[in-house]
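Since the structure comes first, as structure tokens, the remarks are kept for the end.
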2 protein chains.
Amino acid sequence: MEGSRQIDDRSAARQRADAIYEEIRNRICTNRYPPETALHEVELATEFSVSRTPMRRVLSMLEHDDLVTARHGVGTIVTAVEPERLVEVYTVRMILAQAAGDYFRLPFPPESIQRLLEVREVFLGLDEGDVIGFGDANLQYYLPVIDLIENGCLREMHRTLFYQTTRMWLLSLPTMPWAETMAAVADELEELVRVIKLEDPIGLGLVMRNHIFMSRRRVLAGLGIAPGDPRNPV
Amino acid sequence: MEGSRQIDDRSAARQRADAIYEEIRNRICTNRYPPETALHEVELATEFSVSRTPMRRVLSMLEHDDLVTARHGVGTIVTAVEPERLVEVYTVRMILAQAAGDYFRLPFPPESIQRLLEVREVFLGLDEGDVIGFGDANLQYYLPVIDLIENGCLREMHRTLFYQTTRMWLLSLPTMPWAETMAAVADELEELVRVIKLEDPIGLGLVMRNHIFMSRRRVLAGLGIAPGDPRNPV
DNA sequence: ACTGGCATAGATGTGCACAACATAGTGGCT
DNA sequence: AGCCACTATGTTGTGCACATCTATGCCAGT
């Protein structure tokens, strides 16, 4: 019995805090809490059945990750990412994705192909304008792919930067033609499945890099910055 | 008058917390607080003239960065980095350093050369076994070089990973021949000055990458893991 | 009608008291 | 002498009351 709560070395408090942290982070990264949303400590504390103290700890972690910013007397606000910053983060994601080619865990687990094909169907079955549904599917799409990376540090950086950018990508989604975008994402997933089947890690890194490049272009265009602008480099 | 305290948009509380955070992080990264050291909330709170609450916020940020781990009923312990993890982080640092070649701010500021030569003298003037002095000089060496990177995200990743590894490098320092090591570091600094004078950003990235590679080998050897071991790859 | 100041409500920041927990030392039993 | 249980001490975790700050809306004066 005691084994079930002590399988990891984190204290019970830390585990609870981490669980709440991940939940709120997911809400931010699926645009359930879009940028500029004000989170309220008491409200969240009530929802998660804790007091303000541990909830503040969680929000402070999210603030350290630049996902929210606490403003005295106002609230804890979900941050937006400025286009200049967005380009920088996407650029680093491209670097890391290409570099990841040398650091995948091989062979690729066969179930990852099945999972990607399932997520593909989810994307194609989304109602037009269902940004949150898209956000959920997007998490189910990226995170398992990132988990293919063997180098733990590289994996964490990928995840961190993904969490930093994805809410802006969702924000720009409504400015784009829905069906076309879903088709493009579905194609991306097919392309991933293809290189995974070939057991070609370098290819996988390059494909990821190219998808991030296209994301970068799309999200900046969606924010009104045309390709070719210094803030949307080619 | 009010301008002097409102030049940045962070609240006064946040500024204080950040200052304390940086101070404690520096103490960890210079081995003033070497791994396994127990930090005490009340003690630190007293030193920095705050109460436990904001101090806990700071320690929680450091815990989020994996620099310390809070253990209920015991203390907040400065973490050590396992060799397997250390290799991973060093590897990513090498990737990022080489990639940084394309993202330096040009031209290089002339004062950076002067500063590096000054730090070189500091290294050569250190008493044998003065690990903390070495740690200080090491901060003054790396951080300004990292600041040459224009891409803010890339810069922050470099810094974060540097902060994660440097205490282990200092920990392995006593196992190495002092004079020889100081000479090697002085050579590194000369090499940096050379490529900076040439205004060769790609070269700078490669030199940084090579220095990190040598650090990786040295620190792992210092921890008792011979080059060629899977945990100390060639 | 408009504007300026003020009161108020509600948010985060801080300090403190107590709970939960781990460790070391001590004393008694075998 | 050795071992076990317990107790004392010191640490982090939690909850709460209050301080501080911001934004809003009301109200009086013009």
Side-chain angles (χ1 to χ4, degrees), chain A residues 1-21 23-24 27-28 33 35-79, chain B residues 1-21 24 28 33 35-79:
Chain A
M1 271 300 131
E2 66 210 7
S4 64
R5 68 167 189 224
Q6 286 293 354
I7 40 177
D8 69 27
D9 53 349
R10 297 176 302 175
S11 68
R14 177 74 191 269
Q15 275 182 271
R16 262 197 307 273
D18 285 351
I20 298 173
Y21 166 81
E23 172 62 25
I24 298 180
R27 291 183 188 178
I28 293 173
Y33 297 150
E36 311 304 334
T37 305
L39 309 182
H40 302 298
E41 297 178 351
V42 232
E43 195 176 312
L44 289 171
T46 307
E47 176 186 344
F48 291 102
S49 306
V50 292
S51 80
R52 272 187 66 210
T53 308
M55 183 54 64
R56 280 178 60 74
R57 184 195 173 105
V58 167
L59 292 175
S60 153
M61 283 161 61
L62 291 166
E63 183 171 20
H64 195 51
D65 293 337
D66 274 329
L67 293 178
V68 303
T69 175
R71 282 165 51 185
H72 193 180
V74 180
T76 303
I77 314 290
V78 177
T79 56
Chain B
M1 272 301 133
E2 64 212 9
S4 63
R5 69 166 188 225
Q6 287 293 356
I7 40 176
D8 68 27
D9 53 349
R10 296 176 304 173
S11 68
R14 177 74 190 270
Q15 275 180 271
R16 262 197 307 272
D18 285 352
I20 299 174
Y21 167 81
I24 298 181
I28 293 173
Y33 296 148
E36 312 304 334
T37 305
L39 309 181
H40 303 297
E41 298 178 351
V42 220
E43 197 177 310
L44 289 171
T46 307
E47 176 186 345
F48 291 102
S49 305
V50 293
S51 79
R52 272 187 66 211
T53 308
M55 183 53 64
R56 280 178 59 74
R57 184 194 172 107
V58 167
L59 292 176
S60 152
M61 284 161 62
L62 292 167
E63 184 171 20
H64 194 52
D65 294 337
D66 275 329
L67 293 177
V68 303
T69 175
R71 282 164 50 185
H72 191 179
V74 179
T76 302
I77 315 290
V78 178
T79 56

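Per chain, numbering begins at 1; letters A, B, ... match sequence-line order. Being a predicted model, the structure only gives us computed values, none of them experimental.
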Check whether any side-chain heavy atom of B/L44 sits under 4.5 Å from a side-chain heavy atom of B/E47, and report yes or no. yes
Rounded to whole Å, CE of A/M61 lies from P of D/dG13 at a distance of 12 Å
Got B/Y33 and B/V68 here, is their nearest side-chain heavy-atom distance under 4.5 Å? no
Under 3.5 Å, sequence neighbours excluded: what are the donor-acceptor pairs made by side chains of residues 51-59 of chain A?
from	atom 1	to	atom 2	distance (Å)
A/S51	OG	A/T53	N	3.4
A/R52	NE	A/E41	OE1	2.9
A/R52	NH2	A/E41	OE1	2.8
A/R56	NH1	A/E41	OE2	2.7
A/R57	NH2	B/E63	OE1	2.9

Tell me every residue that passes side-chain contact (heavy atoms from CB on, under 4.5 Å) with A/V74, counting only those two or more places apart in sequence or in another chain. A/R71, A/I77
Under a 4.0 Å heavy-atom criterion, the protein footprint on nucleotides 9-15 of chain C, written with B, S and -, is -BBBBBB
Any sub-3.5 Å donor-acceptor pair from B/T79's side-chain atoms to B/D66's backbone N or O? yes
Could you check how far CZ of B/R14 sits from P of D/dC21, rounded to whole Å? 18 Å
